[in-house]
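In what follows, chains carry the letters A, B, and so on, assigned in the order in which the sequence lines appear, proteins first and then strands, with residues in each chain numbered from 1. Because the structure is predicted, anything quoted here is derived from the model rather than measured.
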Protein chains: 2
Amino acid sequence: MARLQTTPAPGETLRAHCPGRRPAGAVDCTSCRVRHLAVCSALPEAEVEALESVVAPLELIAGSTLVREGDPRRQVYTVTAGALRLVRLLADGRRQIAGFLLPGDFIGLSGATTHRHDIEAITDSTLCRFRDEDMQALRADFPDLERKLLARACTELDAARENLLGLARLNPMERLAAFLLDLAERRARWAGDAVDLVLPMGRADIGDHLGLTIETVSRSFTRLRQQNLIAVPDAHTVTLLDRAGLARLAHGG
Amino acid sequence: MARLQTTPAPGETLRAHCPGRRPAGAVDCTSCRVRHLAVCSALPEAEVEALESVVAPLELIAGSTLVREGDPRRQVYTVTAGALRLVRLLADGRRQIAGFLLPGDFIGLSGATTHRHDIEAITDSTLCRFRDEDMQALRADFPDLERKLLARACTELDAARENLLGLARLNPMERLAAFLLDLAERRARWAGDAVDLVLPMGRADIGDHLGLTIETVSRSFTRLRQQNLIAVPDAHTVTLLDRAGLARLAHGG
DNA sequence: CGTGGGTTTGATAGTACTCAAGCAAAGTGG
DNA sequence: CCACTTTGCTTGAGTACTATCAAACCCACG
């Protein structure tokens, strides 16, 4: 239940993740972090300033738990660096990862007053924290923000339903192809397109996200590799060799 | 592609579905329909009146298609009677039903400008239609509405993620148990609790929703019946004999 | 050099899918 | 009104695929 938490070289970490966004002369990177949220939502300047006034930075070390299922939902967060997982457990221990949180993602978009998932840091991560009261006030002052949040929620909803299709009707290789393309697309939105895709999570996390065992995940990687759709220089790096081919798999063509 | 559409005895149909909500003396049931939306969102009277001024009723016969995947999203709807399905198809014909729309549900909550699913009427259904422009205007006038929509979107998101867990980690019998409990709960919210649960959809729809074949769905019904968790007086009616037992299954206990 | 976590590979078994047949209820036409 | 067809559900037998169990492997670390 302990909230493991550390504050390692905040400026350093973030500069790497906010290329070109760090305001000149800023001492720490708080402003940069808020801008992440702002840019992601395309908010006007006035709201960005209002948001900056209520933000609090937060650093998580790998493996630490941000919230547990059932915890009251008192804060909203945005991820600025690192990677987290949304975890649900069944009574008998079966695990499912509803999604991964990457830079630019929100935490706390939920109608419920309690969290429905454990949220755990996969790697060292940095977040922006907004107290719920502050958010309420801001949302009242800036109707635009409300609209952006709604749009974001709808995007998440579409993504979740897309995942439903995959879990219901794709075989393991197809699921993995869809997952890799999804990761690549989300990454490209923030860090630009790149040949190599970094997987912050291990095979167990991928398996629990795709509804497969680690063995099946591993075999699916192997088969994608054998078909020259991907290369796997190391277990946490994937090169997408044939995106069209992967997309064909992912869409059942 | 034709929009099958009919207008059968609107008052009759709706009266049955809006018990106690039909304003005395109303000629048709438009107002009743809007109140469905209003009640569902718990909006104040002023907004209900504003909504009523822009609503248009719509009747769909069983099997007709309301929207197709890719259609531009120009209207918002609420379901007041009947049942519809959200359908996605893979290139090779594999089908998935992302969800069922029952009275009180919204259609058109999406960030995208086009629909991501086919929406088809399972049974004869009645909807309220709001033009997107009218909704935009209303949302500007009534910030409350925006908030309600956000809350609704979040609820949908939670539900979709709940389904993810089921598809990823539950076996067929457990999935069916979870599905039946979900249907019962949604029904109870509008029509009150009842012993018998009516399934508007056929086995094929249930299978495509749960990621199973019709044969497996049928066998799962049989097994639930054999364990005295349910009774099945006819194929479209289920009696929940042991909700605790069903819940235990659905949550992996 | 040994240890341990995470990944890959191999052999086996169980579950859900596929194919096929049987059944009941509802619709159709003589 | 009764054969005939159609449609949707259920049941049965065999197969394929993924989970399970087990072992080897690899690299980082002490």
Side-chain angles (χ1 to χ4, degrees), chain A residues 62-63 83 85 90 92-97 120 122-123 166-177 179-180 198-227 230-238 249 252, chain B residues 62-63 83 85 90 92-97 120 122-123 166-180 197-227 230-238 249 252:
Chain A
R85 56 185 172 234
L90 289 172
D92 61 0
R94 281 176 282 181
R95 195 175 81 134
Q96 212 262 332
I97 294 183
E120 304 165 353
I122 297 172
T123 64
L167 287 176
R169 290 302 179 204
L170 295 183
N171 66 35
M173 223 173 50
E174 294 167 336
R175 288 185 206 183
L176 186 56
F179 172 68
L180 292 175
V198 175
L199 308 177
M201 69 294 291
R203 298 293 186 263
D205 285 343
I206 296 175
D208 283 338
H209 182 53
L210 301 179
L212 305 169
T213 60
I214 53 175
E215 294 94 330
T216 301
V217 171
S218 182
R219 281 185 243 272
S220 302
F221 269 109
T222 303
R223 293 177 65 186
L224 289 179
R225 198 157 35 77
Q226 287 168 343
Q227 300 188 12
I230 63 171
V232 187
D234 73 282
H236 286 276
T237 311
V238 173
L249 268 181
Chain B
R85 55 183 172 236
L90 289 172
D92 62 1
R94 277 175 284 182
R95 195 174 84 134
Q96 212 263 332
I97 294 182
E120 303 164 354
I122 296 173
T123 64
L167 287 175
R169 290 300 178 207
L170 295 183
N171 67 35
M173 223 172 49
E174 293 167 337
R175 289 185 206 184
L176 186 55
F179 172 68
L180 293 175
L197 181 64
V198 175
L199 308 177
M201 69 295 289
R203 297 291 186 265
D205 284 343
I206 297 175
D208 283 339
H209 182 53
L210 301 179
L212 305 169
T213 61
I214 54 174
E215 294 94 332
T216 301
V217 171
S218 181
R219 281 185 244 273
S220 301
F221 269 110
T222 302
R223 293 178 66 187
L224 289 180
R225 198 158 35 79
Q226 288 168 343
Q227 299 187 13
I230 61 172
V232 188
D234 73 282
H236 288 275
T237 311
V238 173
L249 267 182

Rounded off to whole Å, could you give me the [atom1]-to-[atom2] distance for the [X] and [N] pair?
X       : N       : atom1 : atom2 : answer
D205(B) : dC9(D)  : CG    : P     : 9 Å
R223(B) : dT10(D) : CZ    : P     : 15 Å
L199(B) : dG8(D)  : CG    : P     : 16 Å
R169(B) : dT15(C) : CZ    : P     : 16 Å

Please name all residues satisfying side-chain contact (heavy atoms from CB on, under 4.5 Å) with [X], sequence neighbours left out, ordered by chain then number.
X       : result
V198(A) : none
L199(B) : L180(B), L183(B), L197(B), M201(B), R203(B), I206(B), F221(B), V238(B)
T216(B) : P172(B), L212(B), T213(B), S220(B)
L90(B)  : L165(A), R169(A), L170(A), D92(B), R94(B)

Checklist outcome for this item: Within residues 170-177 of chain B, the residues having a heavy atom closer than 4.0 Å to DNA chain C are N171(B), P172(B)
Checklist entry - With sequence neighbours left out, what residues match T237(A) under side-chain hydrogen bond (donor to acceptor under 3.5 Å, both in side chains)? => result D234(A)
Atom pairs, protein N/O to nucleotides 28-30 of chain D N/O, distance under 3.5 Å:
none

To the closest 0.5 Å, what do you measure between [atom1] ([X]) and [atom2] ([Y])?
X       : Y       : atom1 : atom2 : answer
T123(A) : H236(A) : OG1   : NE2   : 10.5 Å
L210(A) : Q96(A)  : CG    : CD    : 9.0 Å
Q227(B) : L249(B) : CD    : CG    : 6.5 Å
H209(A) : R175(A) : NE2   : CZ    : 11.0 Å

Give each protein N/O atom lying under 3.5 Å from an N/O atom of nucleotides 24-27 of chain C, with the pair distance.
none

What are the atom names and distances for every N/O pair under 3.5 Å that joins the protein to nucleotides 6-10 of chain C?
residue : atom : partner : partner atom : Å
dT7(C)  : OP1  : R203(A) : N            : 3.3
dT7(C)  : OP2  : R203(A) : N            : 3.3
dT8(C)  : OP1  : R203(A) : NH2          : 3.2
dT8(C)  : OP2  : R203(A) : NE           : 2.8
dT8(C)  : OP2  : S218(A) : OG           : 3.0
dT8(C)  : O5'  : S218(A) : OG           : 3.1
dT9(C)  : OP2  : T222(A) : OG1          : 2.6
dG10(C) : N7   : R219(A) : NH1          : 3.0
dG10(C) : O6   : R219(A) : NH2          : 3.1

Next on the checklist: Could you report the tightest heavy-atom contact between L224(B) and M173(B), atom names first, then the distance?
Outcome noted: CD2-CG, 3.7 Å
Checklist entry - Residues two or more places apart in sequence or in another chain: which of them pass salt bridge (charged side-chain N to carboxylate O under 4.0 Å, His left out) with R85(A)? => result E120(A), D205(A)
Next on the checklist: Any base atoms under 4.0 Å from G211(A), or only sugar-phosphate, or nothing? Heavy atoms, all strands.
Outcome noted: sugar-phosphate
Next on the checklist: With each end axis built from five pairs of C1' atoms, what bend angle do you get for the helix from dC1(C)-dG30(D) to dG30(C)-dC1(D)? Round to 10°.
Outcome noted: 20°
